[in-house]
> 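Could you have a look at this structure, given as structure tokens, before my questions?
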Amino acid sequence: MNDSRPQRLELSPSAAYAGAVMAVHATAAGCFLATMTGYAGMALALLMLALGAAAARERALLRGSGAPRAIDIPVSGAAAVILASGEAIAVRPLRGVGVTRHWVALGPGSLAGRAVLVTAGMLAPADMRTLRLWALWGRTPGMGSRRLRP
């Protein structure tokens with residue numbers, strides 16, 4: 001019996017991911033302040049903090065029209081990220097360090113796409129397991145195995 005059905009994984013905001021994004025950008029801002037003197041160093045540090053806030057807002061807190069809202073995995077196995085604007089972008093898993101128990105990195109399905117990082121706090125544990133299984137094996141629970149023709 002094949003219980004094939006598409007999967008829709010709804011994303012939720014992650015404060016831990018937002019904090020990590022801001023910490024990295026604050027460190028970069030500190031590096032600008034430590035190595036550059038005058039107004040240029042201060043301006044670059046402020047711009048780096050603003051960039052971090054914008055990235056954390058859209059990518060981790062899921063606010064804005066370009067923020068990811070859900071991941072659709074149809075029976076065919078080709079996944080798409082649904083953005084807040086309603087646009088769907090094709091994604092593929094990045095294997096190796098891109099799939100861990102803490103995150104799944106999704107690369108663009110085409111040259112014009114964008115990457116999405118899904119952290120463990122953005123999905124329920126069962127949904128995160130489903131996404132990791134899809135990223136590693138190209139299938140989710142319930143998809144069944146594909147039979148080879150004789």
Side-chain angles (χ1 to χ4, degrees), residues 4-143:
S4 297
R5 65 185 190 287
Q7 300 278 332
R8 184 173 186 100
L9 310 174
E10 298 288 336
L11 299 173
S12 61
S14 174
Y17 182 28
V21 169
M22 284 305 299
V24 168
H25 283 82
T27 302
C31 290
F32 279 125
L33 288 175
T35 58
M36 299 180 75
T37 60
Y39 293 115
M42 285 189 285
L44 285 173
L46 287 174
L47 287 173
M48 187 59 62
L49 287 174
L51 178 64
R57 179 182 184 271
E58 182 174 325
R59 298 296 177 107
L61 298 177
L62 307 181
R63 298 192 180 150
S65 62
R69 295 290 183 186
I71 301 169
D72 280 342
I73 305 173
V75 177
S76 67
V81 171
I82 309 301
L83 303 179
S85 63
E87 179 185 357
I89 56 172
V91 292
R92 61 179 176 78
L94 297 177
R95 299 216 164 84
V97 76
V99 181
T100 72
R101 68 180 186 153
H102 301 290
W103 66 75
V104 174
L106 303 173
S110 65
L111 293 176
R114 71 177 224 200
V116 176
L117 181 66
V118 180
T119 62
M122 298 173 86
L123 288 171
D127 288 344
M128 189 65 182
R129 181 179 179 275
T130 299
L131 183 62
R132 281 196 318 265
L133 286 173
W134 170 80
L136 290 172
W137 300 102
R139 299 179 255 183
T140 62
M143 278 188 170

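Computed over heavy atoms, backbone and side chain alike; hydrogens, waters and symmetry mates excluded.
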> Which heavy atom of Leu136 sits nearest a heavy atom of Arg95, and at what distance?
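What the structure gives for the nearest pair is O-NE, 3.7 Å.
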> Provide the closest heavy-atom pair for Leu49 versus Ala26 in the form atom of the first, atom of the second, distance.
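Answer, listing the atom of Leu49 first, then Ala26: CD2-CA, 3.7 Å.
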> Show every salt bridge (charged side-chain N to carboxylate O under 4.0 Å, His left out) that has at least one partner inside residues 64-93, sequence neighbours left out.
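Every pair satisfying salt bridge (charged side-chain N to carboxylate O under 4.0 Å, His left out) with a residue in residues 64-93: Arg8-Asp72.
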> Just so I know, are the side chains of Met36 and Leu44 near enough to count as touching, which here means a heavy-atom distance under 4.5 Å?
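Sidechains of Leu44 and Met36: in contact.
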> What's the shortest heavy-atom distance between Gly64 and Ala84, and which atoms?
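Here Gly64 and Ala84 meet closest at O-CB, 3.3 Å.
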> Among residues two or more places apart or on two chains, list those pairs meeting side-chain hydrogen bond (donor to acceptor under 3.5 Å, both in side chains) that have a residue in residues 112-133.
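Every pair satisfying side-chain hydrogen bond (donor to acceptor under 3.5 Å, both in side chains) with a residue in residues 112-133: Glu58-Arg114.
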> Just by distance, do the side chain of Arg139 and the backbone of Leu133 share a donor-acceptor pair under 3.5 Å?
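No, Arg139 side chain to Leu133 backbone: no donor-acceptor pair under 3.5 Å.
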> Would you say Glu10 and Ser12 make side-chain contact, with heavy atoms under 4.5 Å?
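Heavy-atom side-chain distance check fails, nothing below 4.5 Å.
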> Over all heavy atoms of both residues, which pair between Tyr17 and Ala60 is shortest? Give the atoms and the distance, please.
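In this case the closest contact between Tyr17 and Ala60 is CD2-CB, 3.4 Å.
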> Evaluate the side-chain proximity of Ile71 to Val116: yes if any heavy-atom separation is below 4.5 Å, no if none is.
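Val116 does not reach Ile71 side chain to side chain.
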> Do Leu9 and Leu11 have side-chain heavy atoms sitting under 4.5 Å apart?
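SC-SC contact between Leu9 and Leu11 ruled out.
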> Look only at the side chain of Trp134 and the backbone of Ala78, and say whether a donor-acceptor pair between them is shorter than 3.5 Å.
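Not confirmed, Trp134 side chain does not pair with Ala78 backbone.
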> Scan residues 33-48 for pairs that pass salt bridge (charged side-chain N to carboxylate O under 4.0 Å, His left out), counting only residues two or more places apart or in two chains.
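Those involving residues 33-48 do not exist here.
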> Considering non-hydrogen atoms only, spot the tightest contact between Val75 and Pro6 and give its length.
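Nearest pair, atom of Val75 first, then Pro6: CG2-N, 3.9 Å.
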> Decide yes or no for Leu62 and Pro68: does some side-chain heavy atom of the first lie under 4.5 Å from some side-chain heavy atom of the second?
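Sidechains of Pro68 and Leu62: in contact.
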> Does Leu117 reach the side chain of Arg59, with side-chain heavy atoms less than 4.5 Å apart?
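A side-chain contact is absent here, since even the closest heavy-atom pair is not under 4.5 Å.
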